[in-house]
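Proteins get letters first, then strands, A, B, ... in listed order; numbering begins at 1 in each.
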Amino acid sequence: MLRLVANRLLGTASGEVLKRPLQVLPRFYHENVIDHYNNPRNVGSFDKNDPNVGTGLVGAPACGDVMKLQIKIDEESGKIVDACFKTFGCGSAIASSSVATEWVKGKSMDEVLTIKNTEIAKHLSLPPVKLHCSMLAEDAIKAAVKDAEAKRAKMKPSPIEKAADV
Amino acid sequence: MYKMMQLWTPLSTVFRRVLPTTCCLASFTANSQFASLSSHLQSSSRVPLRYGLDFSPYSKISLLSFCSQSAAKLDSTTKRCWNCLAEATGSTPFLYCDSCRSIQPVDLSIDYFKIFGLEKKYEIEVDGLEGKYKDWQKKLHPDLVHSKSEKEREYAAEQSARVIDAYRTLSKPLSRAIYILRLEGVDVDEEQTVSDPELLTEIMEIREAVEEATDSQALNQVQSRMNEKLEETSDSFANAFQRRNLDEAVTCIQKMTYYQRASLCCSCNVIMGSTTLRIEEMITTDV
């Protein structure tokens with residue numbers, strides 16, 4: 001993070017001088033992880049109270065990570081049209097949730113429930129010690145879907161009521 | 001009359017030390033431990049053959065049981081120094097033999113609280129830890145055993161590392177809490193996902209406040225709030241642990257982890273802030 005700040009500041013001051021980052025250690029993160037960390041997709045927040053928004057809020061207390069993943073559902077089709085996330089944690093956790101938001105867009109809620117943490121981990125080449133980050137992302141997706149479905153269930157009139165109306 | 005004694009030290013060492021003195025005989029049947037003892041004996045060149053012992057591992061064997069004058073005090077749990085065979089006194093944890101000043105091998109049954117002579121309680125006198133820690137290192141530190149055998153140098157490295165770990169673990173409330181739960185057989189699971197909305201919303205808001213803080217004063221405010229929360233939750237843990245409500249205790253540990261992490265982020269951001277300032281100064285100054 002310090003490297004990032006230093007780069008950005010030095011970059012604006014004198015464009016040519018330091019093209020190479022201040023690299024001391026060999027890299028251990030897969031380039032996909034670094035990509036998601038440097039260019040995070042879909043960071044942000046939707047309105048929690050919007051009936052078409054499902055919010056999944058999960059945490060990994062052992063490492064102090066929190067992850068919020070939100071999905072926006074299209075009322076008619078029931079598909080996920082947009083997603084955003086906010087994660088406080090390590091690079092792997094951030095990347096995992098970023099990937100999750102990309103993968104859920106355009107899919108139905110049933111479909112995204114089949115996204116497995118192992119797929120996310122494979123895409124990011126996560127080492128064993130970081131596998132729980134991908135698990136957290138999977139749990140976040142499930143929590144968001146659960147919340148969205150609960151809200152949809154509340155909105156729809158129940159079959160009994162419908163029958164009574166007739 | 002003759003007490004059965006389980007020999008903790010290699011039998012060859014026993015032969016070396018005790019043979020000249022009086023000894024008493026007892027016979028007992030072999031178990032798996034003696035299989036290893038007897039094989040050790042066979043490999044040792046110092047075994048006196050005149051005792052005519054049958055050392056085949058799987059048959060019933062009669063072994064000499066050596067006992068000193070104070071046979072009555074000995075039982076199967078008495079520890080002896082590997083070097084001089086002096087008994088461990090009950091008063092201090094047996095990391096070091098005061099008789100011959102030899103460092104002992106690590107004994108994992110001596111937990112961290114025992115090392116510091118403390119009761120196994122969450123609330124301890126943290127101030128007293130440093131003095132005891134330094135006293136131990138005066139006896140165990142690897143720098144003191146350069147001239148000794150490789151075995152003892154290994155013991156020194158392991159024992160002194162263990163005492164360092166014990167000191168660090170017991171000094172901080174969170175690590176102490178996790179450790180004391182582990183002694184009760186409860187591991188705060190690394191991989192567990194929590195979804196308590198109240199706690200997570202609170203933590204989310206705190207972390208957002210830390211990220212969005214504009215100056216170090218705001219960060220210090222958040223940090224002092226975190227330290228307050230840490231103390232409160234530490235008290236809740238002590239309470240829950242005392243009542244043996246281990247589920248509640250685990251929840252307290254989870255909260256403490258989050259507050260500690262948030263507090264750490266405040267420190268990081270303060271450092272980042274001042275570093276950013278210095279870099280900006282560097283850039284604007286003429287080189």
Side-chain angles (χ1 to χ4, degrees), chain A residues 1-15 17-18 22 43-45 48 55-70 85-90 93-94 96-97 117 121 128-144 146-147 150, chain B residues 174-175 177-178 181 187-212 226 230 233 250-266 268-269 271-287:
Chain A
M1 181 92 202
L2 177 58
R3 207 189 310 150
L4 208 64
V5 171
N7 273 342
R8 297 236 170 105
L9 287 171
L10 291 167
T12 49
S14 48
V17 175
L18 266 176
L22 304 166
V43 175
S45 272
K48 210 165 49 162
T55 305
L57 189 54
V58 293
C63 48
D65 289 354
V66 276
M67 195 185 278
K68 181 173 74 168
L69 193 143
Q70 290 178 302
F85 81 98
K86 238 187 190 183
T87 297
F88 291 103
C90 64
I94 294 170
S96 297
S97 41
N117 69 311
V129 62
K130 290 294 179 184
L131 285 179
H132 66 277
C133 296
S134 60
M135 193 66 232
L136 199 60
E138 185 191 314
D139 289 340
I141 295 174
K142 294 194 155 73
K146 192 171 161 189
D147 185 46
Chain B
L174 179 53
S175 49
I178 295 173
L181 271 194
D187 253 320
V188 183
D189 189 15
E190 180 78 30
E191 319 237 316
Q192 191 189 29
T193 308
V194 300
S195 47
D196 171 9
E198 212 181 294
L199 169 65
L200 292 175
T201 313
E202 183 196 352
I203 301 299
M204 232 1 179
E205 285 170 1
I206 295 168
R207 295 296 298 267
E208 281 171 348
V210 170
E211 284 298 305
E212 289 157 15
M226 287 300 96
L230 263 171
T233 323
V250 170
T251 309
C252 288
I253 286 185
Q254 290 172 347
K255 286 187 181 169
M256 282 167 79
T257 313
Y258 276 122
Y259 295 139
Q260 182 149 294
R261 180 70 179 274
S263 174
L264 180 65
C265 287
C266 291
C268 282
N269 284 18
I271 294 168
M272 288 295 304
S274 57
T275 310
T276 312
L277 217 58
R278 280 207 300 281
I279 292 176
E280 281 173 345
E281 283 170 9
M282 270 164 55
I283 296 168
T284 53
T285 313
D286 276 335
V287 179

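In this structure, chain A has a heavy atom under 4.5 Å from the side chain of Ile203(B), while its backbone stays farther away. Contact annotation for Glu211(B): only side-chain heavy atoms (C-beta onward) come within less than 4.5 Å of a heavy atom of chain A.
Between the side chain of Tyr258(B) and the main chain of Ala60(A), a donor-acceptor pair closer than 3.5 Å is present.
Across all non-hydrogen atoms, the minimal contact from Glu212(B) to Lys86(A) is OE2-NZ, 4.4 Å. Minimum interatomic distance between Pro61(A) and Gln192(B) (heavy atoms only, all atoms of both residues): CD-O, 3.5 Å.
One finds the OG1 atom of Thr201(B) at 5.0 Å from the NZ atom of Lys48(A) (value rounded to the nearest 0.5 Å). Rounding to the nearest 0.5 Å places CG of Asp65(A) at 11.0 Å from OG1 of Thr257(B). Of the inter-residue distances, the one linking Thr193(B) atom OG1 with His132(A) atom NE2 reads 9.0 Å to the nearest 0.5 angstrom. Taking NZ of Lys146(A) as the reference point, atom OG of Ser195(B) lies at 7.0 Å (rounded to 0.5 Å).
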